[in-house]
Amino acid sequence: CNGYCSFSDLFPGCELTASTKSYTFQVDKEDDSDHILALSVVCLTDGAKDECNVVEVIGRNHENQEIAVPVANLKLSCQPLLSLDNFKLQPPVTFRLAAGSGPVHLAGWHRIVPREDASFEEDDLSEEDDLSEEEELAPIMPAKK
C-alpha cells in the first residue's frame with residue numbers, strides 16, 4: 001500500500017485502489033509470538049466513485065487451505081462505511097479489492113502476544129470453565145397460559 005501501511009496500536013491503516021488492489025499483512029515465520037490482526041473499519045475515501053467496492057479477506061482455514069471471504073460491499077450513495085467491530089484475523093492475511101476502483105481505507109489494530117502470556121491466559125480460561133461447571137442452573141419452568 002504505497003509503503004505506508006501499518007497495523008499497530010497507534011494508527012493502523014491501508015488503502016486499496018484501482019492501482020493497488022491488494023495488501024498482504026504477514027509476520028516473520030521465525031517469530032514465536034502469537035499475532036492478532038483485527039479489522040475495525042472499512043470505508044470509502046475521497047475520490048471514490050458511486051460503484052460497488054467489494055473487499056475480500058484472503059486467509060487460511062483450519063485445513064490450511066486458502067479461502068477468500070468478502071467482508072464489505074461499499075457504495076458511496078448507500079453505504080460508504082462499514083464497522084467490523086474488530087474482526088480478528090490470524091496473519092498472514094491479504095486484503096483485496098475484488099470489485100470497484102476504491103479508494104477504500106481499512107483500519108484496525110495489530111497485537112503481539114508472547115507465547116508465555118498466551119499459555120497463561122489459557123490456564124486462566126480453564127479455571128473459569130471449571131468454576132462455571134460447578135454452578136447449578138435453575139430449572140426451566142413452563143410458560144403460564
Side-chain angles (χ1 to χ4, degrees), residues 1-140:
C1 287
N2 303 330
Y4 72 89
C5 288
S6 66
F7 286 90
S8 67
D9 289 340
L10 299 175
F11 184 73
C14 178
E15 191 166 85
L16 303 176
T17 64
S19 60
T20 308
K21 290 242 179 217
S22 68
Y23 172 74
T24 300
F25 182 87
Q26 55 191 356
V27 295
D28 185 3
K29 291 182 181 187
E30 295 180 14
D31 186 346
D32 63 348
S33 299
D34 288 325
H35 292 259
I36 300 168
L37 181 64
L39 195 55
S40 302
V41 175
V42 179
C43 65
L44 295 172
T45 58
D46 286 341
K49 298 175 187 171
D50 194 31
E51 63 185 1
C52 288
N53 290 272
V54 178
V55 177
E56 291 180 331
V57 172
I58 303 166
R60 300 227 168 247
N61 67 10
H62 65 283
E63 295 174 345
N64 204 29
Q65 298 170 328
E66 187 175 279
I67 56 170
V69 178
V71 294
N73 185 353
L74 304 175
K75 189 171 182 181
L76 199 57
S77 62
C78 60
Q79 185 166 353
L81 178 135
L82 180 65
S83 173
L84 292 173
D85 196 29
N86 296 322
F87 179 62
K88 291 177 182 65
L89 304 159
Q90 185 174 5
V93 63
T94 298
F95 302 105
R96 179 173 60 194
L97 187 57
S101 56
V104 177
H105 184 78
L106 291 84
W109 49 262
H110 172 221
R111 183 78 30 94
I112 301 170
V113 181
R115 293 262 161 102
E116 305 135 359
D117 291 350
S119 65
F120 177 74
E121 288 175 14
E122 288 173 9
D123 290 342
D124 287 347
L125 291 176
S126 64
E127 287 176 17
E128 288 175 14
D129 290 342
D130 292 343
L131 293 175
S132 64
E133 289 175 7
E134 294 173 8
E135 297 175 10
E136 290 186 28
L137 296 176
I140 298 174

Side chains of F95 and L39 in contact at under 4.5 Å (non-hydrogen atoms): yes
Exercise: identify the closest heavy-atom pair between Q79 and L82: NE2-CD1, 3.1 Å
Nearest-0.5 Å distance, CG of residue L44 to NE2 of residue H105: 12.0 Å
CG-CG distance between L37 and N86, expressed to the nearest 0.5 angstrom: 10.5 Å
Min side-chain heavy-atom separation T17-L97 under 4.5 Å: no
Sequence neighbours excluded - salt bridge (Lys or Arg N to Asp or Glu O under 4.0 Å) pairs with any residue from residues 56-83: E56-R96
P103 versus G47, closest heavy-atom pair with distance: CD-C, 3.9 Å
For the student: nearest non-hydrogen atoms of N53 and G102, plus distance: OD1-N, 2.7 Å
Where A68 and I58 come nearest, the two heavy atoms and their spacing: CB-CG1, 3.9 Å
Listed once per pair and sorted, the salt bridge (Lys or Arg N to Asp or Glu O under 4.0 Å) pairs that draw on residues 39-51, sequence neighbours left out: none
Distance-minimising heavy-atom pair for N73 and C52: OD1-CB, 3.5 Å
